[in-house]
Amino acid sequence: MDFTKMHGIGNDYVYVNDLDEKISDPAAVAKFVSDRHFGIGSDGLILIRPSDKADFMMRMYNADGSEGAMCGNGIRCFSKFVYDKGLTDKLTLTVETKSGIKTIELKKEGNEIIGARVDMGMPILKTKEIPMIWPTEECINQPLEVNGQIYQVTAVSMGNPHIVTFVDDTKGIAIEKIGPFFEHHEVFPQRVNTEFIRIIDEETIEMRVWERGSGETLACGTGACAAAVAAHLNGHAGRKVTVKLLGGDLLVEWDEETGMVYLSGPATTVFEGTIHIEGVIV
Ligand SMILES: N[C@H](CCC[C@H](N)C(=O)O)C(=O)O
């Protein structure tokens, strides 16, 4: 199986051209390739698939094999992949995902695609659509007990579930310990991605993330969008926010007119390779 290893500020995935839809068990492939000792090493697997509604379809799998409905860092690299491979010559393209069709504007520097700006759609705040088992229609700055401690949390979906909590010091949190308790909390029937954010100023927040299905990652695009939306909803930030993550910075803009959230950031190809996985014929 030929693959390309790419990352969006350190949120790294294995990308496979599966336009002929030969990969029959993507979950198993994701678990194998993601292993940083016995596989390639990544936060998951992203497949390029055909679409009859958009230019392409993106299917994204976390390191544990679970499928994510959307991946903000991944879709920037996905779009760079299809352009660099000559599968399209469009600099603005559409990609069908499990959370709808997204429009991506590729950013070119000279002959190099260096990143992209993604229309991530509108944030979803209704708890039943997160989904979150919760007494109120929305969950904005409400207390949630996690492993015996109370956190003030804000729930936002970007097509995938996020819970955001504000902390004074992102470096000091024991994310390996507390992350799984959030991820598997009973109020999140489909688990959840968790963002721990510190407000630096009106236009800047700092964030660490525990991702559903992948653990702590160096960055999370949908998480950065959820964090920026939560910071604005709680009156801590404006509508244009730089999100500083372990792997680098992302820019999130929440358009007041349209309600759409835009995510801008880099996309990087690291290496190409071929791997033989028993039973996988691609
Ligand atoms: N772990 C996420 C999918 C990957 C999202 C993240 N890597 C991003 O860049 O948005 C989920 O299960 O919903």
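Just follow the structure's listing: the first ligand is 1, and inside any ligand the first atom is 1.
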Should the proximity of [X] to ligand 1, defined as any heavy atom under 4.0 Å, be assigned to the side chain, the backbone, both, or neither?
X    : value
N11  : side chain
T217 : neither
R191 : neither

Considering non-hydrogen atoms of the protein only, which is the closest contact for [atom], and what is the distance?
atom                    : result
atom 10 (O) of ligand 1 : T222 OG1, 2.6 Å
atom 2 (C) of ligand 1  : N193 OD1, 3.3 Å
atom 9 (O) of ligand 1  : G221 N, 2.8 Å
atom 7 (N) of ligand 1  : Y13 OH, 2.7 Å

- Task: Quick one: pull up NZ in K244 and CD1 in I200 and give me the separation to the nearest 0.5 Å.
- Result: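 These two atoms lie 6.5 Å from each other.
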- Query: For the residue pair F182 and F196, does the interplanar ring angle fall in the parallel (under 30°), tilted (30 to 60°) or perpendicular (over 60°) class?
  - Reply: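 Answer is perpendicular, since the angle exceeds 60°.
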Of all the atoms in ligand 1, which lie at a distance below 4.0 Å from a heavy atom belonging to [X]?
X    : value
M70  : 3 (C), 4 (C), 5 (C)
E211 : 1 (N), 2 (C), 3 (C), 4 (C), 5 (C), 6 (C), 7 (N)
N62  : 1 (N), 2 (C), 3 (C), 4 (C), 11 (C), 12 (O)

- Message: Under 4.0 Å, counting heavy atoms only: does C71 come that close to any atom of ligand 1?
- Response: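 Yes, that is the case, since the closest heavy atom of the residue is under 4.0 Å from the ligand.
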- Message: In this structure, does ligand 1 have an atom that sits under 4.0 Å from one of the heavy atoms of S214?
- Response: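 S214 does not count as a contact of ligand 1 under the 4.0 Å cut-off.
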Determine whether a donor-acceptor pair (N or O, by modelled atom type, separation under 3.5 Å) exists between the side chain of [X] and the backbone of [Y].
X    : Y    : result
R239 : W254 : yes
H236 : A230 : no
H232 : A237 : yes
T154 : N141 : yes
D64  : S66  : yes

- Message: Would G72 count as a polar contact of ligand 1, with the cut-off being nitrogen or oxygen pairs under 3.5 Å?
- Response: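 Yes, G72 has an N/O under 3.5 Å of an N/O on ligand 1.
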- Message: Could you tell me if the side chain of L47 sits less than 4.5 Å from the side chain of Y61, heavy atoms only?
- Response: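 Counting from C-beta outward, Y61 and L47 do come under 4.5 Å.
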- Item | Exercise: do E105 and T92 side chains pair donor with acceptor under 3.5 Å |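 E105 vs T92: no donor-acceptor pair found between side chains.
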